[in-house]
Amino acid sequence: MLSIKNLHANIDDKAILKGINLQVNPGEVHAIMGPNGSGKSTLVNVLAGREEYEVTQGEVRFEQQDLLELTPEERARAGIFLAFQYPVEIPGVSNINFLKAALNNVRAARGLAKLDAMDLLQQVKDKMQQVKMNPDFLYRSVNEGFSGGEKKRNEVLQMLLLEPKLALLDETDSGLDIDALKIVADGVNALRNSERAIVLVTHYQRLLDYIVPDFVHVLSGGQIIKSGDKNLALELEQQGYGWLTEARA
Amino acid sequence: MMNNLQNFQIPAGEPLWLQQIRQTGLQYFQQHGFPTTRQEAWKYTKITSLAEQIYHLPTKTQLSAQQITEHLIPDLDSYLLVFIDGQYQAELTILPANVILCELTEALTRHPALVQAHLAQIAATEKPGLNALNTAYMQTGYFLHVPAHIRLTKPIQVVFLTTEQPQPTAYQLRNLVIADTHCQLTLIENYIGMGNSNYWTNTLTEIQVADYAQVEHFKLLQENQAAYHTGSLNIRQFAHSQFNSHSFALGGRLVRSDIDVIQAAEHANCELNGLYLAKGKQHIDHHTTIEHAKAYGRSRELYKGIINEQGRAVFNGKVLVRQDAQKIDAAQTNKNLLLSEQAEIDTKPELEIYADDVKCAHGATVGQLNASELFYLRSRGLNEPTARSVLTFAFANELLEFVNQTPLRHYLRHCIIQQLAQDPTILEML
């Protein structure tokens, strides 16, 4: 589904990704871990099409398409979703209208008709229940005045509605208490099936107690320096990254 | 200095006091003429093309009831006064009870003492700008007197419609509001240009806000793309009064809009909010002055500008604190969004403080759309023009949050989106 070959990317002429290779198949969950500044967020942002990053080398294919040629909106319509580390506040745009616009754009790209207002509302309310969000949030401006946890749940809500083929989660667990973490994890697990893939960036092993990954990768200095199964995350939890980065150096 | 108003007559047979007022204006204008960029207050706004244009009196245009209704604020339950090409439309008027609301010349006949006591008392006739010319040639406008303790629950909507005219036309409008103690009112001035012809609206409004009175004033500028608008809003506030101004400058080829507030007694409070949208070759200039003349006054000011294409905007906000005005709390903010390489803003806050125990803050920002916010919307499938429009609207939205009347807020929102949107489907989303 997603094939990354020798991906290099810069921001402000500073090299962040220095040759990433990664293959993600339908049904798989990949966790990307690694020390601060290793390029984890950069990787998922590059995949979603953030324009501040300049790809200098390499290739990314998503379902037979050259992903790097697509605009962010084309990627979204193709089925890629990024749950943001810092979701953006948009005053003056209600959450429900934002969800409607996003959903109808993505549906149109899949050849589906626009949802009528009642169907849409029902769908949104069902999913809100799933992430334990109060329906009042529908009529508030997007993320405006939301707590950190509410913003993250709003990201998961969008993800559940848009039903992406490939979900990228950028530290969706950071700043969450254990209850919120469970809600977010339940949302992600609800999306899991044999046709979807999930790539999640996290600092902490604890998220992986709830979302059990098929693969764990350690990113350091802009490269994947170790890959393994879920047990790698447990090892990292106990021993930190030192033994890996030192071994390399 | 000759003026450029062809066939404009000062009406004969007016009372002596009014003749004298007009004479003062005429003399000042004859001496000083049109303002020029050599004057500090007009440094960035060149009106040579206005000064060199000959303006005529309009020919009479008949509008159907439907054409007029289209320009009223939908679903707004309001009192109403309509002017078409500077002609008062008596048959459309909806009047409140217990209040005097009428056309200015009618007020001169029926309430001469009230008018005489206040006309040209709040606005300075002799100052750089176009007050003097307005005072000399004022033709029509509205007069409002709200007696003490009267609280108008419905807003008053005053519409100045300008139709397509065969020749350039000019309108010298003059409005006077007397808000007595403890009264409450909301006033909406809506300036709308219907056609594409070149005209000039020069309007001056004076408002006296007595002790404990509360006045909410809206100025909606929707002149057409060939029009010049010079406007002056002059407020005198007394003790414990509240004055709120909301200015929405959405149209016009060249706009100069001044607000001068004097807090002439203690514990006065004012808020000035404004939004200006300049695109194409529009030039929009706001100059505001808040004079705290007495103690315990408070003022808040928030002006936001969105400038696109080759649009140009000017904001000058002055806060003047007199020596007697201790314990003043004043804050002013001007934020600008530049959407193109050629867009330009000149912003200047001015603080002039002669008292020592005051709190005054000001800040100005100039920026562009936030890349992270744009990416957020696009990553949800919205195309780039839509995402830009949504964020631009979000920047403007803060000014709508001060608007309490829902139909008015909806109307303004619609007008703003029409002006901003690169992608008309954005309306569905907002």
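Chain naming here is simple, since letters A, B, ... match the order of the sequence lines and numbering starts at 1 in each.
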Which portion of [X] sits near chain B, non-hydrogen atoms under 4.5 angstrom:
{"X": "A/N45", "value": "both"}
{"X": "A/E52", "value": "side chain"}
{"X": "A/R75", "value": "neither"}
{"X": "A/L162", "value": "side chain"}

Open item on the list: How close do A/E28 and A/Q23 get, counting heavy atoms only, and between which atoms?
Closed with: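 A/E28 and A/Q23 have their closest heavy atoms at OE1-O, 4.0 Å.
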Task: Nearest atoms (heavy-atom pairs only) where A/P164 meets A/G79 - done: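 Looking at all heavy atoms of both residues, the closest pair is CB-O, 3.3 Å.
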Task: Option passing side-chain contact (heavy atoms from CB on, under 4.5 Å) with B/E271 (candidates B/R298, B/E301, B/E216) - done: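 Of the listed options, the one satisfying the test is B/R298.
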Task: A/K152 side chain vs A/E171 backbone, donor-acceptor pair below 3.5 Å - done: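 Side chain of A/K152 to backbone of A/E171: a pair is present.
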TODO: Could you look at B/L391 and say if it's the side chain, the backbone, both or neither that has a heavy atom under 4.5 Å from chain A?
DONE: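 Side chain only.
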Task: A/H217/A/H30 aromatic ring centres below 6.0 Å - done: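 That pair passes the under 6.0 Å test.
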